[in-house]
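To start, the structure itself, in structure tokens.
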Number of protein chains: 2
Amino acid sequence: MQGVLRDRPFRRGGGNGDISAVFDAIDRKILDVLQEDSSLPIATVAERVGLSSGPCWRRIKRLEEKGVIKRRVAVVDRRKLNLATTVFIAVKAPRHAAEWSEAFRRVIDGFPEVVEAWRLTGDIDYLLKVVVPDVAAYDGFYQRLITRLDFSNISASIAMEEMKFTTAMPTTYME
Amino acid sequence: MQGVLRDRPFRRGGGNGDISAVFDAIDRKILDVLQEDSSLPIATVAERVGLSSGPCWRRIKRLEEKGVIKRRVAVVDRRKLNLATTVFIAVKAPRHAAEWSEAFRRVIDGFPEVVEAWRLTGDIDYLLKVVVPDVAAYDGFYQRLITRLDFSNISASIAMEEMKFTTAMPTTYME
DNA sequence: CTTGAAATTAGCGACGT
DNA sequence: ACGTCGCTAATTTCAAG
């Protein structure tokens, strides 16, 4: 007898290239907790998900082995690192050739200020997220960027306010 | 005598509302390591930055106390959580009133699919980053969103490829 | 799954340089 | 400031129910 709610398990895999594995509501809760704070001792995690340490530890290990948990990282305060300014950059490629795309990838990999880069559908080709101290530093970054590669168009939007930001992915769609 | 390179320290604070604090090249290196992998034992971190465990531990503690390190989190594999699709949504507000903005904030806080929300300069007012299983699920999200609030315009771009993604902020601008 | 306990390892603090 | 040493506390593994 135990008060833990249990709903039907979720089997991933088949068409998506994922290893077949079953995760239930407890696994989801573990992920919720660990995505908020991975420094908690296992006993605390276990308590929060309604388990004792042993099985909880085993589940966490399994989530790591299956690659569901990829890594543990420290999250820093951007402002304290002198990175108060976030800029989103819409990029249009001068030509749609694999050669340009690969060069682009190499260039952005070389810039630690570029924390994200996405290839998108629609009228813009790529979206970059860039962190810099201020607008002056952004201009410096921009100058260095256009020196290293040619672009058809670049338009920047400065972030005025971070209304929401989380590294935690929802676990609601596992089922 | 020890082989650790040492350059001049960096003092933050003054105009920016930050607590005055000095960080040097070793602190930066600690942050670089911990932003990549915070599960490393302190002895390993110490070795990588050219320090022994004691002082290294002290520096990490100080970085946490100063709020430079905000938290430790687990990073999960989006695809393994059935979140293969990332969508960027450009939002135009129907009116520029604090009341709408606050309602907007409350609404997006209630959606775990919205992992980021930024208020921007330029022709679009807000940019959302949303993670969902697929385009069908995005449409479901979209329907629920427009039920909860009125918008002047919403245009979505689906991410076709994640070219770069990192939670690690550059430490190069601390000095 | 549980509890409990043993072995190992990491975290932490005091003191000396 | 760093380094060493030793105590404390946590993690990890295993056994039995």
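Side-chain atoms are counted along with the backbone in the values below, which use heavy atoms only and exclude waters and symmetry mates. Chain naming here is simple, since letters A, B, ... match the order of the sequence lines and numbering starts at 1 in each. Fair warning: this is a prediction, and the values are worked out from it, not measured in the lab.
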How long is the line joining NZ of B:Lys61 and P of C:dA10, in whole Å?
-> 16 Å

What residue pairs, at least two apart or across chains, pass ring pair (Phe, Tyr, Trp, His ring centres under 6.0 Å) with a residue in residues 66-97 of chain A?
-> A:Phe88-B:Trp118

side-chain N/O B:Arg58 vs C:dG11 OP1/OP2, d < 4.0 Å = no

Is the shortest side-chain N/O distance from B:Ser52 to OP1 or OP2 of D:dC2 below 4.0 Å?
-> no

Verify side-chain hydrogen bond (donor to acceptor under 3.5 Å, both in side chains) between B:Glu113 and B:Tyr138, making sure each step is shown before the conclusion.
-> CA-CA 9 Å; B:Glu113 299 91 330; B:Tyr138 169 70; over 6 Å; no

So, A:Arg62 and A:Asp27, do they make that salt bridge, N to O below 4.0 Å?
-> yes

dist B:Met163:CE -> A:Ile108:CD1 (nearest 0.5 Å) comes out at 5.0 Å

Given atom CZ of A:Arg72 and atom P of C:dA10, what is their separation to the nearest angstrom?
-> 15 Å

Nearest-angstrom distance from the residue atom CD1 of B:Ile60 to P of D:dA1 | 15 Å

N or O in side chain of B:Trp57 less than 4.0 angstrom from C:dC12 OP1/OP2 | yes

Do the charged groups of B:Lys129 and A:Glu116 touch, with an N to O distance under 4.0 Å?
-> yes

Stretch residues 30-45 of chain A: residues that reach within less than 4.0 Å of DNA chain D through a heavy atom = A:Pro41, A:Ile42

B:Arg62 has an atom CZ; how far is it from atom C1' of C:dC12, in whole Å?
-> 18 Å

Could you list the residues that satisfy side-chain hydrogen bond (donor to acceptor under 3.5 Å, both in side chains) with B:Lys61, not counting sequence neighbours?
-> B:Glu64

What nucleotide, of C:dT2, D:dT4, C:dG13, holds the atom closest to the side chain of A:Pro55?
-> C:dT2

